[in-house]
Each structure stands twice: as C-alpha cells, then as structure tokens.
Amino acid sequence: TNGDKGIVYVFSSDNCALGSYTDGSSCVPCPGGSYCPLSASAPIECPSGHYCAAASAEPVPCPSMTYRADPGGSSDTDCVPCPTDTCADAGQSACAAPASTTWTGTDTWTEMASLQPSDVVANDKFGFAVALSAGGDLLVAGAPFAPSDAQASGSFGDAGVVYVFERSGVAGVWSQEAKLWPVDTGPNDDFGTAVALDVDAATGVARVVVGAPHYEACKAYLFERATPTSPWQEKRTFAVSDVPNSNPCDSSNYNERHRFGASLDVLGDTIVVGAHRYYPSNSNVNDYRGRVVMYKRDANADTWAVSGHKDQ
C-alpha cells in the first residue's frame with residue numbers, strides 16, 4: 001500500500017575504519033607518530049618530512065619552509081623551520097639553498113626595487129660593488145668615494161663606506177639596515193671597492209668582507225653580524241703582510257701598488273683576497289705578478305689565519 005517509498009541498506013565489512021588497525025580481535029586507534037590506512041594490520045611509522053597525529057589514515061606533509069629529518073612525527077610542531085637562506089617545499093626531510101635557474105634568453109626579468117641610501121651625494125659612486133646573499137634577502141653595496149661618518153663630510157674624501165640592505169615582510173620590502181666603515185678609516189682608502197657576503201645557513205651568522213685597495217689602505221676588512229637583530233661588528237683586518245716576508249704595500253707610492261683587496265670572496269670559514277698588482281721585493285717595480293691569499297677560520301677560537309697564498 002506504500003509503493004515507491006524506497007529503502008537504503010547499510011553494509012559493513014570486517015575491515016577496521018581508516019585511522020585504526022586490527023590487533024586480531026578488535027580495531028585499535030592508530031597511535032600518534034604512525035598512520036593506518038584501510039585494512040591496516042599494524043601501525044605504519046610516519047615518514048620523514050611528515051607528521052601523523054593519533055588516528056591518522058595518511059601522513060600529513062610538513063608545511064613549506066619547514067622540514068623533519070626523522071620519521072615518527074606526531075604534530076606540526078615536530079616540523080622544524082628551515083635555517084636562514086634555505087628553503088623547502090612541503091613534505092621535505094631537509095632544507096636546501098634555493099635552486100638556481102638557467103636563463104634561456106626568453107625569460108622575463110622584472111625590477112624588484114631601486115635602492116639608494118638617504119645620504120648619498122654626487123661622486124660617492126654608490127653601487128661600485130654589490131653582493132647578494134644566497135637567500136636573496138640581504139644585500140651589500142659599496143660607495144668607495146664617499147666620506148666616512150668618522151669625520152665631517154669632505155674631510156675624509158674617498159674614504160669609502162658600505163651599505164647593508166635587508167628585505168623583509170610578506171611584501172618583500174627592502175630597507176637600509178646598516179652603514180659600515182672601518183675603525184681606521186682614512187682618506188683615499190677606497191673602502192667598498194670590492195664586497196663579498198655570506199650567511200651561514202646553520203647558525204645565521206652573516207659575514208661581509210670589504211676591500212680597501214687604494215695605496216693609503218691596501219687592506220680588506222671582515223664585518224660580522226651574529227643574528228638578524230645583532231649589530232654589525234668589525235672582526236678582522238687583512239693585509240698583504242699577513243704572509244711572512246711579503247713586499248709591503250707602500251702608502252707613499254701613488255701608483256697604488258699591490259691593490260690588495262681589489263677582489264675578494266667569502267664562503268663559510270674561508271676568505272680569499274686578491275692583490276693583482278703585487279710584485280715580490282726582488283722583482284721589477286712594474287712586474288705586476290699578482291697574489292691571492294686564502295684565510296681559514298678556527299671555529300673553536302673564532303680566529304682567522306693565512307692558510308695559503310699563490311703568487312703568479
């Protein structure tokens with residue numbers, strides 16, 4: 001008498017529900033740090049790069065910019081933020097430096113920002129040398145003809161300074177973070193002719209090496225920042241005389257001999273400095289053979305020493 005009413009039938013199987021497993025006699029919720037798909041007979045350990053809360057049916061990837069090296073994570077708090085200047089997609093067991101791309105000639109480059117310090121004036125030659133961190137969030141630029149702040153403007157002409165810029169926030173806004181010059185700044189140093197930058201991915205320590213190759217200085221300087229909120233500190237001065245029995249840089253020679261600090265680089269605990277006009281004391285004054293000096297850092301003592309040099 002009640003035709004076309006319809007009916008729904010519910011069927012069940014012997015399988016335990018998702019997020020649980022059978023111990024042979026009953027269904028048991030999957031514990032944290034593991035996951036249980038349908039028909040699981042035992043918990044499966046959560047893989048690295050993921051976390052599995054209690055009663056999970058499948059692993060959940062760690063969010064991007066985080067990682068988990070070990071298996072068995074049970075919460076998103078088990079996913080560790082990537083160190084500075086590294087990155088990771090979701091579900092990674094380690095972070096790495098951003099992958100570089102190969103320019104094919106058809107890529108489009110877009111201007112991100114135009115940087116200039118607020119106190120720059122004519123003939124400072126800001127941008128003479130630049131360096132960018134691997135993560136792309138820290139930039140240093142030299143102005144080797146600018147007067148240093150150690151004296152009134154104009155009194156230390158061509159002393160040189162270096163500006164540090166940092167990118168922050170979701171919008172990636174660049175702002176001036178510091179202005180650097182050495183303690184022994186002086187006229188005609190050309191501090192900022194060469195710059196190099198490195199950020200330690202494990203510790204977050206940032207190092208800037210700056211060349212002052214003119215005949216009045218003929219040096220390179222190391223500045224260091226322990227954390228992103230720490231001040232920059234001058235840590236070490238390098239000179240061609242660090243190598244025993246070297247022909248010293250002659251400050252009275254306007255020919256700018258040696259030019260130690262005209263080229264340089266830093267990577268981790270290694271610094272190299274070039275002196276393309278260096279010549280041995282037993283050679284002709286115009287015999288510019290050149291020299292490269294390598295320095296290594298003793299991590300225990302936090303000191304730098306010459307580890308080798310090469311004369312052409």
Side-chain angles (χ1 to χ4, degrees), residues 117-121 124-126 128-131 138-166 176-200 205-243 246 248-253 256 258-266 269-275 293 295-298 301-306:
S118 58
D119 59 350
V120 68
V121 296
D124 279 358
K125 290 184 168 57
F126 169 76
F128 193 94
V130 295
L138 203 62
L139 180 146
V140 293
F145 285 19
S148 69
D149 287 10
Q151 298 288 330
S153 177
S155 62
F156 269 17
D158 295 0
V161 297
V162 165
Y163 296 89
V164 182
F165 296 85
E166 191 160 27
Q176 183 178 322
E177 192 259 339
K179 182 179 180 180
L180 308 177
W181 64 89
V183 173
D184 62 352
T185 182
N188 302 315
D189 283 353
D190 288 2
F191 175 84
T193 296
V195 295
L197 167 65
D198 183 62
V199 180
D200 190 302
V205 173
R207 296 187 176 100
V208 171
V209 184
V210 184
H214 206 264
Y215 67 96
E216 292 289 356
C218 209
K219 298 175 183 177
Y221 299 84
L222 169 64
F223 294 81
E224 192 171 282
R225 188 185 71 177
T227 69
T229 57
S230 301
W232 289 90
Q233 295 182 328
E234 183 179 332
K235 297 285 288 187
R236 175 75 150 80
T237 301
F238 305 101
V240 72
S241 57
D242 292 334
V243 178
S246 293
C249 194
D250 186 358
S251 62
S252 65
N253 188 347
E256 305 174 15
H258 294 353
R259 295 288 289 176
F260 184 84
S263 58
L264 42 77
D265 204 358
V266 56
D269 291 338
T270 302
I271 292 173
V272 290
V273 183
V293 183
Y295 299 85
K296 295 288 287 186
R297 174 177 172 265
D298 182 332
D302 193 23
T303 56
W304 294 81
V306 174

Steps toward side chain to side chain contact (heavy atoms under 4.5 Å, CB included) verdict (Val183, Tyr221): CA-CA 10 Å; Val183 173; Tyr221 299 84; over 6 Å; no
Non-hydrogen side-chain atoms of [X] and [Y] separated by less than 4.5 Å:
| X | Y | result |
| --- | --- | --- |
| Phe128 | Phe145 | no |
| Gln233 | Glu224 | no |
| Tyr295 | Leu222 | no |
| Asp124 | Pro147 | yes |
| Trp232 | Val164 | yes |

Check [Y] with [X], please: is the shortest side-chain N to carboxylate O separation under 4.0 Å?
| X | Y | value |
| --- | --- | --- |
| Asp269 | Lys296 | no |
| Lys219 | Asp189 | no |
| Arg225 | Glu177 | yes |

Verify, without hydrogens or angle tests, whether [X] (side chain) and [Y] (backbone) share a donor-acceptor contact under 3.5 angstrom.
| X | Y | answer |
| --- | --- | --- |
| Arg236 | Trp304 | yes |
| Asp190 | Thr193 | no |
| His214 | Asn188 | yes |

CG (Leu180) and OG1 (Thr185) are apart, to the nearest 0.5 Å, by 11.5 Å
Starting at CG of Leu139, measure out to CG of Leu197 and round the result to the nearest 0.5 Å. 8.0 Å
Looking at Phe126, Phe191, Trp181, which hits ring-ring contact (aromatic ring centres under 6.0 Å, His included) with Tyr163? Phe126
